[in-house]
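This report refers to the structure that appears directly beneath it.
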Amino acid sequence: SKAKLFDEKTDMKVTFKDVAGLEGAKEEVQEIVDFLKNPEKYTSLGGKIPKGALLVGPPGTGKTLLAKAVAGEAKVPFFSLSGSDFVEMFVGVGASRVRDLFKQAKDKSPAIIFIDEIDAIGRARGKNNFTGSNDERENTLNQLLTEMDGFGTNTNVIVLAATNRADILDKALMRAGRFDRQIYVDLPDVRERKEIFEVHLRPIKNSESLDMEFLAKQTPGFSGADIANVCNEAALIAARKGKKAVDKQDFLDAVDRIVGGLEKKNKIIT
Ligand code: ATP
């Protein structure tokens, strides 16, 4: 059987209302939604629609979610792959996968291509990474650059890529006509954390007295992914105790558990 080349989703259910906070980033990607929905309006005066944008920010802050929401809002197919999938690939496979990805997206345009962890293929060239797989990575990167340069002005495929290490990316990726826009996706502040709790509490049976502002204040430094995790853990903790609804104490226990997990993870890294 043939290995799956990449993910293709044709009816994205994710929209901006699933993305809490991130007002600035949402405003910036709204423009991309408009380009996809109404390209002629933008090219009518001779302007060129951008081909790519880089979503930059710490892990778990909603970069993937935002990219999916762009496709969902524009009602276009979403093609995605992750840079880390290329790490252990045989010679030539990475470049051909990139070629196939762009071909499929062009066939179904307007479309979004999303490349997660682009730093895994897009690190500055010529720097030894001690893994011996540099040539293959460079081939993949070169193919990506070739594909983006090869887009006609009316292709109407927009490439979004995510990274938490924009500083190590090959500058060639950021050149005009490639990922020449950077959109910052930061950790949420207390107000945004409250909004993220609201989104993730939607499917959860919680006690009515639950104070989301309190929860937001208890979770400084948490990403959206951490908060999603807290809500899920809290529901499991309450269920284990046979409760009918998730209450404040379950959330505090879940926060403790997630904090414990984060501390462990940091210990391994440093
Ligand atoms: P990574 O860099 O680790 O790939 P990411 O920035 O792409 O992370 P996502 O994968 O989009 O983060 O986020 C993981 C999950 O966390 C989402 O599916 C969602 O459940 C939750 N989440 C993150 N940010 C938000 C947000 N702003 N609003 C609502 N949910 C969020």
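Atoms within a ligand are numbered from 1 in the order they appear, just like the ligands themselves.
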Quiz item: Quick one: which of A162, S84, G60 has a heavy atom closest to atom 23 (C) of ligand 1?
Solution: G60
Practice problem: Let me see the working for N139 and Q143 under side-chain hydrogen bond (donor to acceptor under 3.5 Å, both in side chains), right down to the final yes or no. | Solution: CA-CA 6 Å; N139 287 341; Q143 188 63 38; over 6 Å; no
Self-check item: Which residue and heavy atom of the protein sit nearest atom 5 (P) of ligand 1, plus the separation
Solution: K63 N, 3.5 Å
Quiz item: Does any non-hydrogen side-chain atom of R193 lie less than 4.5 Å from one of I227?
Solution: yes
Quiz prompt | Atoms of ligand 1 close to A20 [distance to a heavy atom under 4.0 angstrom, numbered from 1] | solution = 26 (C), 27 (N), 28 (N), 29 (C)
Quiz item: Can you tell which of L54, V56, T61 makes a side-chain contact (heavy atoms from CB on, under 4.5 Å) with Y184?
Solution: V56
Self-check item: Shortest protein contact, atom 4 (O) of ligand 1 (heavy atom only)
Solution: D116 OD2, 3.5 Å
Quiz item: Would L66 and K26 count as a side chain to side chain contact (heavy atoms under 4.5 Å, CB included) if you check the C-alpha gap in whole Å, the side-chain angles of each, and the deciding distance to 0.1 Å?
Solution: CA-CA 8 Å; L66 192 63; K26 276 198 255 183; 3.9 Å; yes
Quiz item: How close does the nearest protein non-hydrogen atom get to atom 7 (O) of ligand 1, and which residue and atom is it?
Solution: T64 OG1, 2.6 Å
Quiz item: Nearest protein heavy-atom contact for atom 12 (O) of ligand 1: which residue, which atom, what distance?
Solution: G62 N, 3.2 Å
Self-check item: Residue and atom name of the nearest protein heavy atom (relative to atom 22 (N) of ligand 1), distance in Å to one decimal
Solution: G224 C, 3.6 Å
Practice problem: Return the minimal non-hydrogen interatomic distance between A245 and D250, and the atom names on each side. | Solution: O-OD2, 4.1 Å
Quiz item: For atom 16 (O) of ligand 1, which protein heavy atom lies nearest, and how many Å away is it?
Solution: A225 CA, 3.1 Å
Quiz item: Does an N or O from V19, backbone or side chain, lie closer than 3.5 Å to an N or O of ligand 1?
Solution: no
Self-check item: Presence of salt bridge, K103 and D107, under 4.0 angstrom
Solution: yes
Exercise. Could you find the nearest protein heavy atom to atom 25 (C) of ligand 1 and give me its residue, atom name and distance?
Key: L65 CD2, 3.8 Å
Exercise. Can you label the angle between the Y42 ring and the F35 ring as parallel, tilted or perpendicular, going by 30° and 60°?
Key: perpendicular
Exercise. Give the numbers and elements of all ligand 1 atoms closer than 4.0 Å to a heavy atom of L22.
Key: 27 (N)
Quiz item: Heavy-atom contact under 4.0 Å between H200 and ligand 1?
Solution: yes
Quiz item: Does any N/O atom on T61 come nearer than 3.5 Å to any N/O atom on ligand 1?
Solution: yes
Practice problem: Provide, to 0.1 Å, the distance between atom 29 (C) of ligand 1 and the closest protein heavy atom, together with that atom's residue and name. | Solution: D18 O, 3.4 Å
Quiz item: Considering all heavy atoms of both residues, which atom of D18 and which atom of V14 are nearest to each other, and what is their separation?
Solution: OD2-CA, 3.5 Å
Self-check item: Residue among N156, I49, V157 satisfying side-chain contact (heavy atoms from CB on, under 4.5 Å) with L36
Solution: N156
